[in-house]
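Quick note on labels: first sequence line is chain A, next is B, and so on, each numbered from 1.
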2 protein chains.
Amino acid sequence: MNASNKTERSRLSAEDWEDAALNLIADQGVGAVAVEALARQLGVTKGSFYWHFRTREALLQAALERWEQYGEREVINQIEAIPNPRERLPELFRRVAHELKPHRVYAALLKALDHPQVVPVMARVSQRRMEFLHTAYTQAGLPQTEALNRARLTYAAYVGFLQLNFTLGLPRISHEEFDAYVEHMIRTLIPA
Amino acid sequence: MNASNKTERSRLSAEDWEDAALNLIADQGVGAVAVEALARQLGVTKGSFYWHFRTREALLQAALERWEQYGEREVINQIEAIPNPRERLPELFRRVAHELKPHRVYAALLKALDHPQVVPVMARVSQRRMEFLHTAYTQAGLPQTEALNRARLTYAAYVGFLQLNFTLGLPRISHEEFDAYVEHMIRTLIPA
DNA sequence: ACCTGAACACCGTTCAAGT
DNA sequence: ACCTGAACACCGTTCAAGT
């Protein structure tokens, strides 16, 4: 329950609070990040929180930046590792569709875009991913402008997909139907 | 400033509070709906709020349902009024892209999907709009399954589009570039 | 029927004091 | 260096009393 992987230290670091905050975000959303709840979960009083951070906002900021640096980077690295450029795009679609854990924080942040601190982080992350798509479509043979617009459309489809599928559970879809949808996306969006 | 269109009545109705809440949602997001702020704006004490609503949540609920009934319906009606079925889809894309006011509340709610009350409302509205797209694609000649998947993809693109363009202002796009993007969407998603 | 004003709970924040 | 405990501000909620 309150067991950290750090052999039950009695003192906490700022990183401990940030990790706890990120877990809360993934599980219950940005709104669930509350000083009192976190303190209770970590087994200290809320007063101690203010030794590590100036405000609740500062914690959120630090947690988001931590995610941007560590969690985020690996998604792009993993995909850039796909050797054949022509297979990159379809492979990317299939991976995102089937390994959704790395996208949980991203999906949670997508639902919390009314928190002003979330917006710039998501803008940077989205920007980077879209540039990646732009490059991938160029390598797949689309001319510059076409490739950029296709990247925009694809990214919009990705964002909308996370929302429709997880939050707005549009009439629950079967496993086969889901796979068919993914292949439809690939056929429609990726040049032959 | 505090002038309502109701000839400066001294007493308020539940609907007055709901309208004020909806305006707040469109302008500043769901998080901005606060009892004290609303009361100030309407020129009463917050105590009076509780004659009309049991809780803040009840106000939000009522406001969302009001939007679902009135504001929402007219978007679909307007589009169903387009005579030629083959022109409906491209026309729909262009209208959504250029007349965005009716989509402001929808976009605000999209950013607030971590508020549990928002989710079912958005699920219902999205469901209805997707059914409309499904029908439109069937009328445009796609077979059933294909039409459904294309409707899903299109709706995801719509949702993602609102998010990318308004919230995550991906590098500010020019007017011409924007129109080119819309035409790219039409070419890619709508069967010839 | 609609509103005031005072009270309380909850949570973010401060700070003097502890180890 | 990290934490406690008491205090305060802010906002949602209650309620007896006013018109």
For DNA chain D, the dot-bracket pattern of Watson-Crick and G-U pairs whose distances stay under 3.5 Å, | for other-strand partners: ||.|||||...|||||.||

Salt bridge (charged side-chain N to carboxylate O under 4.0 Å, His left out) partners of A:Glu18, counting only residues at least two apart: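 Here the qualifying residues are A:Arg66.
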
Within residues 22-38 of chain A or reaching into it, pairs that qualify as salt bridge (charged side-chain N to carboxylate O under 4.0 Å, His left out) - sequence neighbours excluded: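 Of all non-adjacent pairs touching residues 22-38 of chain A, those that pass salt bridge (charged side-chain N to carboxylate O under 4.0 Å, His left out) are A:Asp27-A:Arg104, A:Glu36-A:Lys46.
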
Summary of salt bridge (charged side-chain N to carboxylate O under 4.0 Å, His left out) pairs that have at least one residue in residues 136-160 of chain B, sequence neighbours excluded: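 Output for this query lists A:Glu177-B:Arg152, A:Arg187-B:Glu146.
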
Whole-Å gap separating C1' (D:dA1) and CG (A:Asp16):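 Going from CG in A:Asp16 over to C1' in D:dA1 covers 14 Å.
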
ring-ring contact (aromatic ring centres under 6.0 Å, His included) partners of residues 53-89 of chain B, not counting sequence neighbours, each pair once: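 Listed by first then second residue: B:Phe49-B:Phe53.
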
Name the atoms and distances for all side-chain donor-acceptor pairs under 3.5 Å in residues 56-63 of chain B, with sequence neighbours left out.
from: B:Arg56; atom 1: NH1; to: B:Val33; atom 2: O; distance (Å): 2.4
from: B:Gln61; atom 1: NE2; to: B:Glu65; atom 2: OE2; distance (Å): 3.2

Under the ring-ring contact (aromatic ring centres under 6.0 Å, His included) test, residues paired with B:Phe93 that sit two or more places apart: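 Listed in chain order: nothing, the list is empty.
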
Which residues share a side-chain contact (heavy atoms from CB on, under 4.5 Å) with A:Ala32, sequence neighbours left out: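 Checked A:Ala32 against side-chain contact (heavy atoms from CB on, under 4.5 Å); matches are A:Leu24, A:Gln28.
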
Lys/Arg cation over aromatic A:Tyr137: A:Arg88, 6.0 Å, 45° cone: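 Ring-cation test returns no.
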
Nucleic acid footprint by protein, nucleotides 3-19 of chain C - heavy-atom cut-off 4.0 Å, B for base, S for sugar-phosphate alone: SBB-----BBBB-----

